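Notes to accompany the following structure.
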Amino acid sequence: MSTFSRTDRTTLKRLPARGVYDRELVYQILDEGFICHVGFAAGGQPFVIPTSYARAEDRLFIHGSQASRTLRTLKTGIDVCVTVTLLDGLVLARSAFHHSMNYRSVVVFGRVSIIDDPEEKLRALRTFSEHVIPGRWNDVRGPNDQELQATIVLSLPLDEVSAKVRTGPPLDDEEDYESPVWAGLIPLRLTAGAPIADPRMKAGVELPRYASDYSRRGRTN
Ligand SMILES: Cc1cc2nc3c(=O)[nH]c(=O)nc-3n(C[C@H](O)[C@H](O)[C@H](O)COP(=O)(O)OP(=O)(O)OC[C@H]3O[C@@H](n4cnc5c(N)ncnc54)[C@H](O)[C@@H]3O)c2cc1C
């Protein structure tokens, strides 16, 4: 299906025109980001924990230590809400009230399943690595059995999903357009700085292209 079906939980009530249910667009947002916030309730206490993620087809993977309280709680099959936010710019309006931000964000509801099969787990970890730094996996030592055992990988189906997107210039009240104050956009994006070699690195190792040219797929406002 090319669009996500709306549910009670994923129907936007506020500024519904900014709602996006198109699968391709949702996937673009998820593929550009790699940090999510995982929300869940444990013992009546809500938690929202930041973590990394990767997407493979219609699933999100999150991973971490067997000791992680978050992952151990999620794998019991409780409801989870995962959000991803990309900030594209600040929107400077002529009135304080109409200032805004350009963004693309995704909210996913569901329940995770645990990936136990060692081969599937390894594939998921490779997907994870390639999602964050394409090309890195083939260069490094892969996880050994003990490291695989020590890692939990969870999979969240992308079934109940919404995106919300704001683009474009400020939307001011008509009478304010005559105001002499500057208005417009300050675009923002995640950029990589120059890589810094580990002081303990073996001499003569070349800087790989995926490190020197690292970037996330960006977009303009
Ligand atoms: C950018 C980023 C990427 C990360 N990627 C991963 C990942 O891929 N896998 C992974 O397992 N973890 C990752 N983490 C760490 C993650 O946020 C948790 O700290 C970790 O998963 C331990 O979870 P826990 O539930 O066992 O924490 P616990 O130690 O049980 O949490 C106890 C309390 O500590 C505090 N706490 C925990 N984590 C944080 C935090 N990040 N910031 C502030 N307070 C905190 C909260 O008050 C929480 O209630 C990432 C964090 C960041 C910021």
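The chain is numbered in sequence order, starting from 1. Whatever order the structure lists them in is the order used to number ligands and atoms, beginning at 1. Computed from a predicted model, the values in this text were never measured in an experiment.
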Just to confirm my output: which protein heavy-atom neighbour is closest to atom 9 (N) of ligand 1, and how far is it? His63 O, 2.7 Å
Look at Arg111 together with Asp79 and state whether they make a salt bridge at an N to O cut-off of under 4.0 Å. yes
Can you check whether a protein heavy atom sits less than 4.0 angstrom from atom 34 (O) of ligand 1? no
Measure the CD-CH2 distance between Glu130 and Trp137 for me, rounded to the nearest 0.5 Å. 9.0 Å
Take atom 41 (N) of ligand 1 and look for protein heavy atoms under 4.0 Å from it; say yes if you find one, no if not. yes
Nearest-neighbour protein heavy atom for atom 25 (O) of ligand 1, which is reported as residue plus atom name and distance: Thr70 OG1, 2.5 Å
How about Glu120: does its CD atom have over 12 heavy atoms from other parts shown lying under 6.0 Å from it? yes
Side-chain (Thr11) to main-chain (Asp8) donor-acceptor, under 3.5 angstrom: no
Verify side-chain contact (heavy atoms from CB on, under 4.5 Å) between Ile152 and Arg72, making sure each step is shown before the conclusion. CA-CA 8 Å; Ile152 301 183; Arg72 281 191 286 115; 4.2 Å; yes
Atom 38 (N) of ligand 1 - nearest protein heavy atom and its distance: Ile49 CD1, 4.4 Å
Nearest protein heavy-atom contact for atom 21 (O) of ligand 1: which residue, which atom, what distance? Ser68 OG, 4.0 Å
Tell me which part of Thr51 gets within contact of ligand 1: side chain, backbone, both or neither, using heavy atoms under 4.0 Å. both
List the steps and the verdict of side chain to side chain donor-acceptor pair (under 3.5 Å) for Arg55 and Tyr27. CA-CA 8 Å; Arg55 179 186 75 86; Tyr27 287 177; 4.6 Å; no
Atoms in ligand 1 flagged as close to Phe47, the criterion being non-hydrogen separation under 4.0 Å: 49 (O)
Does atom 44 (N) of ligand 1 have any protein heavy atom closer than 4.0 Å? no
Just to confirm, does any protein heavy atom lie below 4.0 Å from atom 19 (O) of ligand 1? no
If you scan protein heavy atoms around atom 28 (P) of ligand 1, the nearest is Arg69 NH2, 4.1 Å
How far is atom 2 (C) of ligand 1 from its nearest protein heavy atom, and which residue and atom name does that atom have? Ile35 CD1, 4.2 Å
Atom 8 (O) of ligand 1 [closest protein heavy-atom partner, distance rounded to 0.1 Å]: Ser52 OG, 2.5 Å
Give a yes or no on whether the backbone of Pro170 and the side-chain of His99 come within a donor-acceptor separation of less than 3.5 Å. no
Quick one: CZ on Arg23 to CZ on Phe4, what's the gap to the nearest 0.5 Å? 4.0 Å
For the residue pair Arg216 and Phe34, would you count it as a cation-pi contact if the rule is NZ or CZ under 6.0 angstrom from the ring centre and within 45 degrees of the ring axis? no
Would a distance-only check, ignoring hydrogens and angles, find a side-chain to backbone donor-acceptor pair under 3.5 Å from Glu160 to Val108? no
In the protein, what heavy atom is nearest to atom 16 (C) of ligand 1, and what distance, to one decimal place, separates them? Pro50 O, 3.2 Å
As a test of the contact definition, would atom 51 (C) of ligand 1 count as having a protein heavy-atom neighbour under 4.0 Å? yes
